[in-house]
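For reference, the structure is listed below as structure tokens.
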Amino acid sequence: MTIDEKTGRDLDHLLAGGDSIDGLYEELRSSFDAEKSAIGSEEQHKAFRDRWAGRKNGLLTHANEHWLKKAPRELKPRVGRLQNEAKKHVEAGLAEVKEKLGTSQEAKSSIDVTLPGPPRLLGAHHPLQLVFDEIEHIFHGLGYSIAEGPEIESYYYNFEALNFPADHPAVDEMDTLFLEDGSLLRTHTSPNQIRIMEANQPPLRYLVPGKVYRNDTADSTHSPMFHQVEGFAVDRDITFSDLKGTLDYFLRRFFGRDTRIRFRPSFFPFTEPSAEVDIYWEGRGFIEVLGCGMIDPSVFHHVGYDPEEHFGFAFGLGIDRFAMLKYDITDIQLLFQGDIRFLRQFR
Ligand code: DAH
């Protein structure tokens with residue numbers, strides 16, 4: 001008995017009767033057809049071709065070696081014919097699959113890759129981000145670090161530690177939005193002076209951007225939520241000249257080297273002396289762009305620094321206002337509406 005290793009059939013038996021060898025080739029062809037219908041790629045076609053028509057180990061070769069060659073002499077012509085037919089069937093099938101794959105390949109390459117593709121909406125940087133990036137870049141060059149703080153603040157950090165007296169009108173003036181538990185939405189980024197000084201020892205140079213909130217009615221210049229950057233520096237020998245020099249340098253880099261800058265005496269509870277800084281704007285005259293001053297000794301007391309030993313300056317500015325000036329935006333609301341026609345003008 002000769003068991004055929006590929007089909008597990010008794011070859012002697014099959015080859016002894018002509019009908020059953022017909023059936024064997026029939027099976028060979030139908031399993032080829034079944035496999036053929038599943039071929040969908042160039043790679044699959046190659047494996048399929050090797051499996052069936054491979055010179056050494058292909059199924060046709062196997063049939064030739066084991067079925068035809070072992071057939072008894074009187075059956076040889078018949079098995080030879082079956083083998084031939086099987087070979088043609090396999091070759092035709094392989095060619096057919098190849099052609100099918102070829103045409104779909106052609107269909108793919110008939111796409112003209114030189115034509116412009118469908119337009120895609122590209123994102124743009126928000127003008128507030130562009131402005132802050134530029135401010136950050138300028139101060140980075142001066143050795144400042146960036147930090148952030150919470151938008152929900154305590155009365156202590158937002159007012160008390162910044163030396164606002166308990167009955168100070170600024171608590172009302174700043175139109176504070178209180179939460180039910182007595183905490184509040186920070187009205188400015190200045191509380192981060194306290195938070196950072198509490199957690200670090202001088203020398204310090206920090207820039208703190210963030211959203212701030214006030215109970216204001218929205219119009220073209222007001223918004224209940226807007227953006228500030230707080231900046232401050234603490235060291236042993238910082239003077240008002242350092243403050244002036246720093247802000248002068250910053251404003252000229254931001255608005256242009258010929259910008260006219262004016263320091264005007266002012267008052268903030270957490271700085272002494274305090275100033276407001278104006279820049280000259282063609283057609284509008286001097287306009288205020290930031291508040292600043294030397295950090296008040298009482299603030300140092302709150303964070304445990306010795307005011308005899310340490311000095312510092314601080315400043316705060318509105319990013320929205322800087323953006324409106326820089327990009328000539330006349331309505332602050334445009335910054336918050338997410339209108340793509342507005343936003344795509346900024347890259
Ligand atoms: N926090 C002030 C405000 O929101 C702005 C400000 C003024 C910040 C003077 C400062 C400063 O750091 O020194 O109106």
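Numbering of ligands and ligand atoms starts at 1, following listing order. Values in this document were obtained by computation on a predicted structure and should not be read as measured data.
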How would you list all residue pairs meeting ring-ring contact (aromatic ring centres under 6.0 Å, His included) that involve residues 112-132, not counting sequence neighbours?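 Passing the test, one end in residues 112-132: no pairs.
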List the atom pairs, with distances to 0.1 Å, where a side-chain N or O of residues 194-202 and a protein N or O form a donor-acceptor pair under 3.5 Å, not counting sequence neighbours.
unit_1	atom_1	unit_2	atom_2	d
Arg195	NE	Glu153	OE2	2.7
Arg195	NH2	Glu153	OE1	2.9
Arg195	NH2	Glu153	OE2	3.4
Glu198	OE1	Tyr157	OH	2.7
Glu198	OE2	Tyr157	OH	3.3
Asn200	ND2	Ile196	O	2.8

Pick out the protein N or O atoms lying less than 3.5 Å from any N or O of ligand 1, and list each pair with its distance.
unit_1	atom_1	unit_2	atom_2	d
ligand 1	1 (N)	His188	ND1	2.9
ligand 1	1 (N)	Ser190	OG	2.9
ligand 1	4 (O)	Arg214	NH2	3.0
ligand 1	4 (O)	Gln228	NE2	2.9
ligand 1	12 (O)	Gln193	NE2	3.2
ligand 1	12 (O)	Glu230	OE2	2.6
ligand 1	12 (O)	Phe315	N	3.3
ligand 1	12 (O)	Phe315	O	3.3
ligand 1	13 (O)	Ala314	O	3.1

Do Asp50 side-chain atoms and Gly58 backbone N/O form a donor-acceptor pair below 3.5 Å?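 Pair absent, no side-chain N/O of Asp50 close to backbone of Gly58.
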Can you run down the salt bridge (charged side-chain N to carboxylate O under 4.0 Å, His left out) pairs that involve residues 129-148, sequence neighbours left out, and say none if there aren't any?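 Passing the test, one end in residues 129-148: Glu134-Lys326.
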Parallel, tilted or perpendicular: rings of Phe346 and Tyr327 (30°, 60°):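 Tyr327 and Phe346: perpendicular rings.
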Looking only at heavy atoms, what is the nearest atom pair of Thr61 and Lys56, with distance?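 Minimum heavy-atom contact is CG2-O, 3.8 Å.
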